[in-house]
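Note that the numbering runs from 1 along the sequence shown for the chain.
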Amino acid sequence: MQDEYRTVTHSGVHETEVNRSRFICALAPAATEQEAQDFLAAVRKEHADATHNCWAYVIGADAAIQKASDDGEPGGTAGVPMLQMLLRRDMRYVVAVVTRYYGGVKLGAGGLIRAYGGAVGEALDTLGTITRRRFRLATVTVDHQRAGKVENDLRSTGREVRDVRYAEEVTIEIGLPDADVDAFRAWLADVTAGAAGFELGGEAYGDA
């Protein structure tokens, strides 16, 4: 699995102009291919009168799904450079649609490649991206007497506390980088005099 990837936190639009043609790049996070296609359909509907609505998306932390379309532009001059820009920036779970309103000046293949790829790159720079890092889910169980201190210590050392549940014992769910598991286990035993339970779960991604 990929240790980390980048994505966008929210959808947004950035517009550029190249030789009188308008290039409007719409970006959005997409957890699934269906979400990417739904976003694409919405942009197409909004810009139904555009000359082209070219698109690319990358789904999966390991970029398992990669698709792109030139939407009538010469083959390989729009969707592919858009996809390459997303991959070059390590973007995942993201969809990009570049809408072009033709301005009367032909750009040629090289010009189109630069314009479409550049529109995506500029949109990423303008809207901003975040890094998400792979970690192990883990569960700490501790008695009520120690729970407050353990939770405070976790937060003050920058651990990601994902959930706290109170029952007969207090259950604290956290996220840990793989490399920190052994050191964390030792720290927990130390601060609770060996009284806390610790169980490793599956893997997930969280904000770095």
Full working for side-chain contact (heavy atoms from CB on, under 4.5 Å) between Leu200 and Val181: CA-CA 9 Å; Leu200 276 179; Val181 169; 3.9 Å; yes
Walk me through it: do Val95 and Phe39 pass the test side-chain contact (heavy atoms from CB on, under 4.5 Å)? CA-CA 8 Å; Val95 53; Phe39 180 75; 3.5 Å; yes
Go through the steps to decide whether Arg89 and Asp125 satisfy the test side-chain contact (heavy atoms from CB on, under 4.5 Å), and finish with yes or no. CA-CA 10 Å; Arg89 298 285 192 96; Asp125 290 340; 3.1 Å; yes
For Leu87 and Met91, run side-chain contact (heavy atoms from CB on, under 4.5 Å): C-alpha distance rounded to whole Å, both residues' side-chain angles, the deciding distance at 0.1 Å, then the answer. CA-CA 6 Å; Leu87 293 171; Met91 299 298 295; over 6 Å; no
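Summarising the geometry of Gly197 relative to Leu188, their closest heavy-atom pair is O-CD2, 4.0 Å, with the distance given to 0.1 Å. Contact detail for Leu176 and Ile174: the closest heavy-atom pair is CG-CD1, 3.9 Å. The two residues Thr99 and Ala50 come nearest to each other via the heavy atoms CG2-CB, 3.3 Å.
Remark: Arg155 engages Glu151 in a salt bridge (Lys or Arg N to Asp or Glu O under 4.0 Å) (not counting sequence neighbours). Ser21 is linked by a side chain to side chain donor-acceptor pair (under 3.5 Å) to Arg100, counting only residues two or more places apart in sequence or in another chain. Under the side-chain contact (heavy atoms from CB on, under 4.5 Å) criterion, Asn152 pairs with no residue at all, not counting sequence neighbours. Considering only residues two or more places apart in sequence or on other chains, Phe184 meets the ring-ring contact (aromatic ring centres under 6.0 Å, His included) condition with Trp187, Phe198. Residues meeting the salt bridge (Lys or Arg N to Asp or Glu O under 4.0 Å) test with Asp163, sequence neighbours left out: Arg165. With sequence neighbours left out, Glu17 forms a salt bridge (Lys or Arg N to Asp or Glu O under 4.0 Å) with no residue at all. Residues satisfying the salt bridge (Lys or Arg N to Asp or Glu O under 4.0 Å) test with Asp153, not counting sequence neighbours, are Lys149.
A continuous path of Ile, Leu, Val, Met, Phe, Trp and Tyr side chains, each step under 4.5 Å between heavy atoms, connects Val170 with Val191, placing both in one hydrophobic cluster. Using a 4.5 Å cut-off between side-chain heavy atoms of Ile, Leu, Val, Met, Phe, Trp and Tyr, with links allowed through other members, Ile59 and Val97 fall into the same hydrophobic cluster. Residue Val161 is not grouped with residue Leu137 when hydrophobic side chains (ILVMFWY) are merged at heavy-atom distances under 4.5 angstrom, including chains of intermediate members.
Looking at heavy atoms from C-beta onward, Val58 lies out of side-chain contact with Tyr93 at the 4.5 angstrom threshold. Taking the side chain as every heavy atom from C-beta outward, Val164 and Thr171 never approach each other to under 4.5 Å. Under the 4.5 Å side-chain criterion, counting only non-hydrogen atoms from C-beta, Leu83 is in contact with Gln66. Using a 4.5 Å heavy-atom threshold, the side chains of Thr7 and Ile130 count as touching. At a threshold of 4.5 Å between non-hydrogen side-chain atoms, the residues Val150 and Ile172 count as touching.
In this structure, Tyr101 shares a hydrophobic cluster with Val13, Ile24, the cluster being traced through Ile, Leu, Val, Met, Phe, Trp and Tyr side chains under 4.5 angstrom apart. Clustering of Ile, Leu, Val, Met, Phe, Trp and Tyr by side-chain heavy atoms under 4.5 Å joins Tyr102 with none of the others.
Distance alone, capped at 3.5 Å, is enough to place a donor-acceptor pair between the Arg92 side chain and the Ala61 backbone. Formation of a donor-acceptor pair under 3.5 Å by the Asp71 side chain with backbone atoms of Asn53 is found in this model. In this structure, the side chain of Asp70 engages the main chain of Ala78 through a donor-acceptor pair within 3.5 Å.
The pair Glu4-Arg132 does not count as a salt bridge, with every side-chain nitrogen at least 4.0 angstrom from each carboxylate oxygen. A salt bridge between Arg159 and Asp180 is present, with a side-chain N of the basic residue lying under 4.0 Å from a carboxylate O of the acidic one. Between Glu173 and Arg162, none of the side-chain N atoms (NZ, or NE/NH1/NH2) sits under 4.0 Å from a carboxylate O, so this pair counts as no salt bridge.
The residue from Thr126, Val98, Leu124 that alone fulfils the side chain to side chain contact (heavy atoms under 4.5 Å, CB included) condition with Leu27 is Leu124.
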Quiz: residues 108-123 side-chain donor-acceptor pairs under 3.5 angstrom, not counting sequence neighbours:
from   : atom 1 : to    : atom 2 : distance (Å)
Tyr116 : OH     : Glu73 : OE2    : 2.6
Glu122 : OE1    : His14 : NE2    : 3.2

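How far OG1 of Thr16 is from CZ of Phe23: 7.0 Å, rounded to the nearest 0.5 Å. Rounded to the nearest 0.5 Å, atoms CG (Leu127) and OG (Ser11) are 8.5 Å apart. Atom OH of residue Tyr5 and atom CG of residue Asp90 lie 12.0 Å apart, to the nearest 0.5 angstrom.
The ring pair (Phe, Tyr, Trp, His ring centres under 6.0 Å) pairs that include a residue from residues 143-163 number zero, where partners must be two or more places apart or lie in different chains. Residue pairs meeting the salt bridge (charged side-chain N to carboxylate O under 4.0 Å, His left out) criterion with at least one member in residues 33-55, sequence neighbours excluded, are Glu33-Lys67.
Donor-acceptor pairing under 3.5 Å is recorded for the side chains of Arg6 and Thr129.
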